[in-house]
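Working notes, beginning with the structure itself.
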Amino acid sequence: MMITIKNNLAIAKMEEAGKRLANLFKDLVDQVTPGKTTLQLDGWIDAQLTALGLESKTKGYRGYKHSSCISINDELVHGVPSEKKMIKSVDLVKVDVCASWNGYCADMARSFCMSSVSVPVDEFLSVAQQSLDDGIEQAVSGAFLSNISAAIQKKIEKHGYGVVKDFAGHGIGKKMHEDPEILNYGRAGYGPKLRSGMTFALEPMLTMGLCDVYVDPDGWTVKTKDASLSAHVEDTILVTDDLPRILTRLQ
Ligand code: MF3
Ligand code: CO
């Protein structure tokens, strides 16, 4: 396993990639609306990436054809945009985009609930976001990698939700996926020690039911076995000698 340490130039590029991607998500909020197909939404994202000078990292990845993954309700991650999938007023929609700027990547995902979604879902999404924040808080120089994992799991399970264990966060840089793998569960105090200049994509995945998932026959879409609602949020962060810097959030 080799965790790359980014120099100042690489960090500057990742910051720019992150800022541009965060700007895309700022405008995306108004685009995730009932009556739109996930393919239409992906088309908007694709056009925005181009306008922002970003290059999709998912298009062409292992034969994947789209600029985003859009997953609805029991679909957790890697939902394939489709003209057959129309967003409804009761839906929980997850959008995941990874893109590069001048060769360096940022990876980001958010979960959106439509207007008629029930109150417990609001709470569920808030816990998803909090688990990500708790994980990020642990990403300090000198700490153990698994401290991040433990913090994410703790928050999710404290509220009785399921932690999906089949997918994980990852290092990120020139490539979308770099070492290390960052589990969303585990005991604190293990794994490599974090150092300033490491960049990670943290991405908790949780369900309102059981944690078991499977891959749909389409070969991509990951769904919960019990058809429970699921959430996924992701940010790209930089470990520094001070507090972690969240590259995919606007100041
Ligand atoms: N952005 C996703 C991640 O966080 C990767 C999606 S892979 C895809 O790792 F090919 F399905 F897009
Ligand atoms: Co990712």
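Everything quoted here is computed from the prediction, not taken from an experiment. Order of appearance sets the numbers: ligands from 1, and atoms from 1 within every ligand. Worth knowing before you read on, the calculation uses all heavy atoms, side chains too, and leaves out hydrogens, waters and symmetry mates.
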- One checks the Co ion (ligand 2) and counts protein N, O or S atoms under 2.8 Å, reaching 4

- Message: I'd like to check Val239 versus Val140 (side-chain heavy atoms, cut-off strictly below 4.5 Å). Are they in contact?
- Response: no

Could you go through ligand 1 and note, for every N or O atom, any protein N or O atom closer than 3.5 angstrom, writing the atom names and distance to 0.1 Å, or 'none'?
unit_1	atom_1	unit_2	atom_2	d
ligand 1	1 (N)	Asp96	OD1	3.1
ligand 1	1 (N)	Asp96	OD2	3.2
ligand 1	1 (N)	Asp107	OD1	3.1
ligand 1	4 (O)	Asp107	OD2	2.9
ligand 1	4 (O)	Glu203	OE1	3.1
ligand 1	4 (O)	Glu203	OE2	3.0
ligand 1	4 (O)	Glu234	OE1	3.1
ligand 1	4 (O)	Glu234	OE2	3.2
ligand 1	9 (O)	His170	NE2	3.4
ligand 1	9 (O)	His177	NE2	2.7

- Query: For Thr248 and Asp235, does a side-chain donor sit closer than 3.5 Å to a side-chain acceptor?
  - Reply: yes

- May I ask you to check whether His177 and Asp107 show a side-chain donor-acceptor distance below 3.5 Å? no

- Item | Test side chain to side chain contact (heavy atoms under 4.5 Å, CB included) applied to Trp101 and Met14, Lys19, Arg20, Glu15, the passing residue | Arg20

- Item | Between Gln153 and Ser149, a side-chain donor and acceptor under 3.5 Å | no

- Item | Trace of the ring-ring contact (aromatic ring centres under 6.0 Å, His included) decision for His78 with Phe167 | CA-CA 11 Å; His78 305 168; Phe167 296 87; 5.7 Å; yes

- Can you name the nearest heavy-atom pair linking Gly169 to Glu203, along with the distance? CA-CG, 3.6 Å

- Mind telling me whether Tyr161 and His159 have parallel, tilted or perpendicular rings, with 30° and 60° as the class edges? parallel

- Message: Can you tell me how far apart OG (Ser71) and CG (Leu76) are? Round to the nearest 0.5 Å.
- Response: 7.0 Å

